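Note that this is a predicted model, so its numbers are computed, not measured. Note: hydrogens, waters and symmetry copies are ignored here, and every other heavy atom, side chains too, is used.
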Amino acid sequence: MKKLTLDDLVPFQSYLPVQEKFLKSVIEEKKTRRVRLNDRMSGLFETRLSVWFQVQEMIRAEQIEQQEYLEEMLEVYNDLLPDDGELSMTLFIEIPNQNELRLFNKSIVSIENHVFLQYGEHQIQSYEPTDEDDKDEEYTQSVHYLRFPFTPEQRRDFVSYEGDIVLSVSHPNYQTQLILSAELVSSLQKELND
């Protein structure tokens, strides 16, 4: 997926009059691209529009104009966009009770390596492109930026696959799964086929 550049960004003064229009587009897109795995986890398969909107909202909220800050933001947010042959998903751990959330997050360390897309004979394992020095072996964060890397064969089979595609979590301490909607599958297949 093509990364965002400075040329894609709209100065905050120019963005304000069109913000509502883009908000409606993002809400519509997220209806298809967001999944609820269960009462504790959800995911959003990111798109260029969803990431662009996050950047624009930061620019609007902070009234950012300096090019160096814009470049820093692009560097951070472009990491949410998948590389060629990949899909990306932001995984959210959603437990309102903070004590329960802390206990749960202690029990699912390395969850980022235990999320899978399964279809036919294929199982695509997630990873999170992060700095190894930032990893905490006793606690995991509530938001993870996952990537699903496909080989050329897996990609070809995914794009033409007509059966159920399952998103699953297979952590030793926590398992759940969800069959993706036909509308979401079609969107992901189109994305991988581009």
Exercise for review: Among Gln67, Gln66, Glu71, find the one that has a side-chain contact (heavy atoms from CB on, under 4.5 Å) with Tyr69.
Suggested key: Gln66

**Study point:** Residues Tyr127 and Glu86: side-chain donor-acceptor under 3.5 angstrom
**Key:** yes

**Study point:** Main-chain N/O of Arg102 paired to Asn105 side chain as donor or acceptor, under 3.5 Å
**Key:** no

Exercise for review: Hey, can you tell me if Tyr174 and Phe104 have their rings parallel, tilted or perpendicular (30° and 60° cut-offs)?
Suggested key: perpendicular

Exercise for review: Assess the side chains of Gln118 and Gln177: does a donor N or O sit below 3.5 Å from an acceptor N or O?
Suggested key: no

Point to revise | Sub-4.5 Å side-chain heavy-atom contact between Leu101 and Ser142 | key: yes

Point to revise | Side chain proximity check, Leu103 to Glu100, heavy atoms < 4.5 angstrom | key: no

**Study point:** Distance-only donor-acceptor check, side chains Ser187 and Arg33, under 3.5 Å
**Key:** yes

Check your understanding: Between Phe22 and Trp52, is the ring centre distance below 6.0 Å?
Key -> yes

Review point. Ignoring hydrogens and geometry, is there a side-chain-to-backbone donor-acceptor pair from Ser42 to Asn38 under 3.5 Å?
Key: no

Exercise for review: For Val51 and Tyr77, work out which heavy atoms get closest and say how close.
Suggested key: CG1-O, 3.4 Å

**Study point:** Heavy-atom side-chain contact between Leu74 and Leu70 under 4.5 Å
**Key:** no

Exercise for review: Test Val143 against Leu91 for side chain to side chain contact (heavy atoms under 4.5 Å, CB included), laying out the working first.
Suggested key: CA-CA 6 Å; Val143 179; Leu91 178 70; over 6 Å; no

Check your understanding: Can you check whether Ile95 reaches Asp39 side chain to side chain, under 4.5 Å on heavy atoms?
Key -> no

Review point. Does the side chain of Glu65 come under 3.5 Å of the side chain of Gln13 through a donor N or O and an acceptor N or O?
Key: yes

Practice item. Answer yes or no: is there a donor N or O on one side and an acceptor on the other, between the side chain of Tyr161 and the main chain of Gly120, under 3.5 Å? Key: yes

Practice item. Compare all side-chain heavy atoms of Ile124 with those of Phe116 and state whether any distance is below 4.5 angstrom. Key: no

Review point. How many angstroms lie between CD in Glu57 and CD in Gln54, if you round to the nearest 0.5 Å?
Key: 9.5 Å

Point to revise | Short side-chain to backbone donor-acceptor contact, Glu128 and Glu112, under 3.5 Å | key: no

Practice item. Look only at the side chain of Arg48 and the backbone of Lys2, and say whether a donor-acceptor pair between them is shorter than 3.5 Å. Key: yes

Review point. Using a distance-only test with no angle check, is there a side-chain donor-acceptor pair under 3.5 angstrom linking Thr47 and Glu29?
Key: yes

**Study point:** Arg36 and Glu94 ion-paired at < 4.0 Å
**Key:** yes

Point to revise | SB check Glu46 Lys30 (cutoff 4.0 Å) | key: no

Exercise for review: Determine, stepwise, if the pair Val166 / Leu180 fulfils side chain to side chain contact (heavy atoms under 4.5 Å, CB included).
Suggested key: CA-CA 6 Å; Val166 176; Leu180 300 183; over 6 Å; no

Check your understanding: Do Ser110 and Asn113 pass the side chain to side chain donor-acceptor pair (under 3.5 Å) test, and can you show the C-alpha distance, the side-chain angles, and the key distance before you say yes or no?
Key -> CA-CA 6 Å; Ser110 78; Asn113 300 316; 5.1 Å; no

Study note, to complete from the structure: Heavy-atom nearest pair, Ser126 first then Phe148, reads CB-CE2, 3.7 Å

Check your understanding: Do the non-hydrogen side-chain atoms of Val115 and His171 ever get within less than 4.5 Å of each other?
Key -> no

Review point. Is there a donor-acceptor contact under 3.5 Å linking the side chains of Ser107 and Asn173?
Key: no

